[in-house]
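Each chain gets a letter, A, B and so on, in the order the sequences are listed, and its residues count up from 1.
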Protein chains: 2
Amino acid sequence: MLILQSPLTRKLSAFVALSDTDLETLARFHRRRRSFLAGHQMIHEGHGTQSAFILADGWACSYKTLPDGERQIVDFQVPGDFLGLRSVLFRTTDHSVEAVTRIEASEVMTSDILDGFANAPRLATAVLWAASRDEAMVVEHLVNLGRRSAEERMAHFLLELGARLQLVGIGDKTGFACPLTQYHLADALGLSAVHVNRVLRHLREEGLVTFQKGRVSFDDFAGLVALSGFDTDYLDQDGPLLR
Amino acid sequence: MLILQSPLTRKLSAFVALSDTDLETLARFHRRRRSFLAGHQMIHEGHGTQSAFILADGWACSYKTLPDGERQIVDFQVPGDFLGLRSVLFRTTDHSVEAVTRIEASEVMTSDILDGFANAPRLATAVLWAASRDEAMVVEHLVNLGRRSAEERMAHFLLELGARLQLVGIGDKTGFACPLTQYHLADALGLSAVHVNRVLRHLREEGLVTFQKGRVSFDDFAGLVALSGFDTDYLDQDGPLLR
DNA sequence: AGGCTGGACTGATCCAGAGCAGCATTTCAC
DNA sequence: GTGAAATGCTGCTCTGGATCAGTCCAGCCT
């Protein structure tokens, strides 16, 4: 065992059996450790970057800003997730990333990634798989915004977060610690903060979920799944076919 | 000149200078020509597939279906676009694809793609670039649903379609031929068909766009851009950095 | 020619969710 | 410890867009 298992290693290992070479290469991605204060804007929309980050601890969110100042959060990143992987391969980013809490992350340079992929092809497919999973999540968020009511949206969102966190060993069936404010939820779900509050209260009163004091508790997991039509298929896709 | 320039070639060439080898490999992708009737479901959510398609003529749409039967259209595909590229690399698809009109397409097998990428690396990056652009469009649709009003959404959507079609030589600044029904628009924009109709009428009365008889005419292009906050950045990103 | 179908269009009604304004509580800076 | 921000919570009003329940028109088929 080279290093203490990182959340990313844990996540990838759940889907692809990584060889020792893969694990060593992955460990090399974790050399430059950096930390950021809560609220720090890590990636700027429209700017070019030469590095991506692997989130080790803390939460971030990626979002786009509209001319009128409003923002739409596209996704949250939790430990084990990549930040700005796509912006490394392309010259400019189409979205920004901001630290929600204080963050510990590993900075990975473009060259590290390309070299790493060259000598650890299995790792490359694993990372591609993770990227594809992120994309599937964005599509699911699109469906969420387009076709579900505020309560269904919220339920679906919390269940998805729960499933993602469980994979990296944070939280379990009963719930998880969650540093998001109701403003974050509003920006992600396309609702007003006031309405988020009401929806949360209603779900709590119905005995479905409780989101208070930085903790989400699933009071009636099956009920939530039924309400939101949550289906983990898009999260649990089989690993890549690519040899 | 090997073959008549396909829409895909045209699109990729606008961003990456393709070599003769690239062009030959690309031409080999076009060997199996197939056609489908309007309304045919080409890719089924949850099923595995061993082939993708390159759209040569006609329109398609990719969508997800909810338990209650409603659907959310994620994106439309126009000539030059790939269908199901991701489902080739991964075992199952998370969405379905349906032909909107009668379609002419080239079927590409997984092996063709992988072999092709191996001996034409520049082509590989070009295709990756196209895939990344598709992803950026999905993100933009997310913002559209989450933060824009019905009219802004419609304006933004029509402008995006116009820009995409222009790139493959269909339509120009003044407008384009569009086979979509108002039901398609409703399913894509998260609105009811009735409301789509009202929004279109209003935009027409304001002298902004006219969508009638299968044709979209931009009556006041600048006005539409201003209304929707349309910014082509996410469509015009520079080509890939990957060598 | 008559009947049928699919899409465009309209008006009336209803409700989910926005916006605003105000208050309570916690957290933090100094 | 005290004032100032954040953050959470609530009641009220108002509106954007959904839903229902149709009409109208242009191809189709037979």
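- Every pair tested for salt bridge (Lys or Arg N to Asp or Glu O under 4.0 Å) that includes a residue from residues 49-61 of chain A fails, sequence neighbours excluded, so the list is empty.
- No donor-acceptor pair closer than 3.5 Å links the side chain of A/R71 to the backbone N or O of A/D187.
- Atom CD of A/Q182 and atom C1' of C/dA18 are 16 Å apart (whole Å).
- For A/H184, the side chain to side chain donor-acceptor pair (under 3.5 Å) partners at least two apart in sequence or on another chain are A/T181.
- Taking every heavy atom of residues 191-202 of chain A and every atom of DNA chain C, pairs under 4.0 Å involve A/L191, A/S192, A/V194, A/H195, A/R198, by number.
- Judged by distance alone, with hydrogens and angles left aside, the side-chain atoms of B/T93 form a donor-acceptor pair with the main-chain N or O of B/H44 at under 3.5 Å.
- Considering only residues two or more places apart in sequence or on other chains, B/V216 meets the side chain to side chain contact (heavy atoms under 4.5 Å, CB included) condition with B/L158, B/F176, B/C178, B/V209, B/F211, B/F218.
- The end-to-end axis angle of the helix from C/dA1-D/dT30 to C/dC30-D/dG1, rounded to 10 degrees and based on five pairs per end, is 50°.
- Ion pairing between a basic and an acidic side chain is recognised when a charged N comes within 4.0 Å of a carboxylate O; A/R148 and A/E140 show such pairing.
- Contacts classified as salt bridge (Lys or Arg N to Asp or Glu O under 4.0 Å) and involving residues 35-46 of chain B (residues at least two apart or in different chains) are not found.
- Between chain B and DNA chain D, the heavy-atom contact criterion of under 4.0 Å yields a 5' to 3' nucleotide range of D/dG17 to D/dC20.
- For B/Q212, a side-chain nitrogen or oxygen approaches OP1 or OP2 of C/dC9 to under 4.0 Å.
- Remark: B/E206 engages no residue in a salt bridge (charged side-chain N to carboxylate O under 4.0 Å, His left out) (not counting sequence neighbours).
- Looking at residues two or more places apart in sequence or on another chain, you find a salt bridge (charged side-chain N to carboxylate O under 4.0 Å, His left out) between A/R34 and A/E107.
- By the side chain to side chain donor-acceptor pair (under 3.5 Å) test, B/S62 pairs with B/Q77, sequence neighbours left out.
- Residues from residues 146-155 of chain B with heavy atoms under 4.0 angstrom of DNA chain D, sorted by number: B/S149, B/A150.
- In this structure, NE2 in B/H95 is found 9.0 Å from CG in B/D75, a value given to the nearest 0.5 Å.
- Each ring pair (Phe, Tyr, Trp, His ring centres under 6.0 Å) pair with one or both residues in residues 58-77 of chain A, not counting sequence neighbours, appears once here: A/F76-A/F157.
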